[in-house]
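So the structure is just underneath, and the comments pick up after that.
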Number of protein chains: 2
Amino acid sequence: MRGNTIIATESQLGRTKNDGVISRPSLMKELIARGIRITTQRRLLVQIIQDSPRHLDAAKLLEIAKERDAGIDRSTVYRTIGLLKGQGLIDELDLMHLEGEKHYYEAKTNRDHCHLACFRCGAIIEYASPAFEKLKDEMAKRGDFAIRVVRLEAGGFCRRCRKAAHSEPA
Amino acid sequence: MRGNTIIATESQLGRTKNDGVISRPSLMKELIARGIRITTQRRLLVQIIQDSPRHLDAAKLLEIAKERDAGIDRSTVYRTIGLLKGQGLIDELDLMHLEGEKHYYEAKTNRDHCHLACFRCGAIIEYASPAFEKLKDEMAKRGDFAIRVVRLEAGGFCRRCRKAAHSEPA
DNA sequence: ATTCTAGTTGCAACAGTGTTACAACTGGGA
DNA sequence: TCCCAGTTGTAACACTGTTGCAACTAGAAT
């Protein structure tokens, strides 16, 4: 079963005393706090994004939304994504374009993290570590650059798929 | 003048005794060495990619190629990009989608590097550092993942634009 | 130099993503 | 309850990237 499964959140691996577990603040609360108009459609879409255990692309998001509001339109999905992105409340991912040119979205977490995408099985491993934080700081300082969004993605092969490729040579 | 200017290669910043300057091996030589058929179109496209000082997207690449071979087709450009990507000879970048949904390409360098994209002026700063190498190693080891391609992109504001925004508030 | 063919090209049609002008609708403040 | 700035659905659009197919060609064999 290919595609977009989060195998593990690796934040624990990089944990030091001050590292927390990855958490996602409420998008709705944020929107309200910022005085942004809450429409039926936005409430629905935000809820779906917030609650989804996997990374959704625009088409999938629309599909799910239509189950609860058949009338909702593609353009509203894109506009809402644009809104959330503009507010810095969601991150946009490519996941190494494992399947097509989709973009995936996830509610912004309290800690930035990387995504490792397996070319064979499509699994997505999330990985956060202090080394990433250090690198960001270094880039900002030495590149003299005010970073607003960072995206680190890697493509390759997960442990399971390396083993599988060994035992049953393609 | 917005878009896709490489302000500086920052490899020097992160230099230690073993860091070299970023260099790009010859794509043509690699293709020949791998026994890949060299057509007129491929030679042309590869040359353009190799010689370009800036990051090209498919459309721009086609436009430049047409100056020298008016008959060349869009699909050939995409197929050649696919070939080079598959051979691991070029890297695909999004540059934070500063303008549209284009993908940009650059000949693979001897050292991976990050791209910092300025949301205001569109400048692209390339940044390589040992900290990036360390992070890659750590991810591979602790995530138990065989990394084939890595992409680290950041969006934000370069020094010049932060200053400009200060003096002439938009 | 000539022949031959697997691999490549141009073409044309297509699917999918993301954008936009506009008229109708609505959230939420007065 | 009223009202209107802001949002929505609609329908068109531009653009990226893909694919089946017939014609062409690089380069190995002769």
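Quick note on labels: first sequence line is chain A, next is B, and so on, each numbered from 1.
A side chain to side chain contact (heavy atoms under 4.5 Å, CB included) with A:Leu45 holds for exactly one of A:Thr39, A:Thr40, A:Leu62, A:Val77; it is A:Val77.
Rounded to a whole Å, the CG atom of A:Leu44 is 11 Å from the P atom of D:dT8. Spacing between atom CG of A:Asp73 and atom C1' of D:dC13 amounts to 14 Å, rounded to whole angstrom units. Across the protein-nucleic acid pair, B:Lys60 atom NZ and D:dG17 atom C1' stand 20 Å apart, rounded to whole Å. Residue A:His97 contributes atom NE2, which lies 11 Å from atom C1' of D:dT16 at whole-angstrom precision. If you measure from atom CG of A:Leu93 to atom P of C:dT17, you get 16 Å, rounded to the nearest angstrom. Counting to the nearest Å, the P atom of C:dG27 and the CG atom of A:Leu31 are 15 Å from each other. Atoms CG (A:Leu84) and P (D:dT7) sit 12 Å apart, rounded to a whole Å. Taking atom CD of B:Glu63 as the reference point, atom P of D:dT16 lies 11 Å away to the nearest angstrom.
Using cut-offs of 30° and 60° for the angle between ring planes, the A:His97 and A:His103 rings count as tilted.
Scanning all heavy atoms of the two residues, the minimum distance from B:Leu93 to B:Arg151 falls at CA-CD, 4.0 Å. The shortest heavy-atom contact between A:His113 and A:Arg111 is ND1-O, 3.3 Å. B:Ala107 and B:Gln50 get closest at one heavy-atom pair: CB-NE2, 4.4 Å.
Counting any heavy atom pair closer than 4.0 Å across all strands shown, B:Gly71 reaches sugar-phosphate atoms only and no base atom.
Using a 4.0 Å cut-off between charged side-chain N and carboxylate O, A:Glu30 and A:Arg34 make a salt bridge. One finds no salt bridge joining B:Lys141 and B:Glu138 here, because no Lys/Arg side-chain nitrogen approaches an Asp/Glu carboxylate oxygen to under 4.0 Å.
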* **side chain to side chain contact (heavy atoms under 4.5 Å, CB included) evaluation trace for A:Phe145 with B:Arg159** => CA-CA 6 Å; A:Phe145 193 90; B:Arg159 185 174 55 87; over 6 Å; no

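Closest approach to the A:Thr39 side chain among D:dT16, C:dG27, C:dT9 is made by C:dG27 (side chain taken as heavy atoms from C-beta onward). Checking D:dG9, C:dT9, C:dA12 against every side-chain atom of A:Arg79, the shortest atom distance belongs to D:dG9. Each of C:dT17, D:dA26, D:dT16 was ranked by its minimum atom distance to the side chain of B:Asp57; first place goes to D:dT16. With D:dT8, D:dG27, D:dA11 as the choices, the nucleotide that has an atom nearest any side-chain atom of B:Arg37 turns out to be D:dG27.
Remark on the helix from C:dA1-D:dT30 to C:dA30-D:dT1: inter-end axis angle 30°, axes from five-pair C1' superpositions, rounded to 10°.
In terms of position on DNA chain D, the residue among A:Ile72 and B:Glu101 whose nearest nucleotide sits closer to the 5' end is A:Ile72. Looking at which nucleotide of DNA chain D each of A:Leu83 and A:Arg74 is closest to, the 5′-most match is held by A:Leu83.
In this model, the phosphate group of C:dT17 is not approached by any side-chain N or O of A:His103 to a distance below 4.0 Å at OP1 or OP2. Considering only side-chain N and O atoms, B:Gln41 lies nowhere under 4.0 angstrom from the phosphate OP1 or OP2 of D:dT25. The shortest distance between the side-chain N/O atoms of B:Tyr78 and the OP1/OP2 oxygens of D:dG17 is below 4.0 Å. Residue B:Thr40 places at least one side-chain N or O closer than 4.0 Å to OP1 or OP2 of D:dA26. Taking side-chain N and O atoms only, A:Lys102 has a distance below 4.0 Å to OP1 or OP2 of C:dT17.
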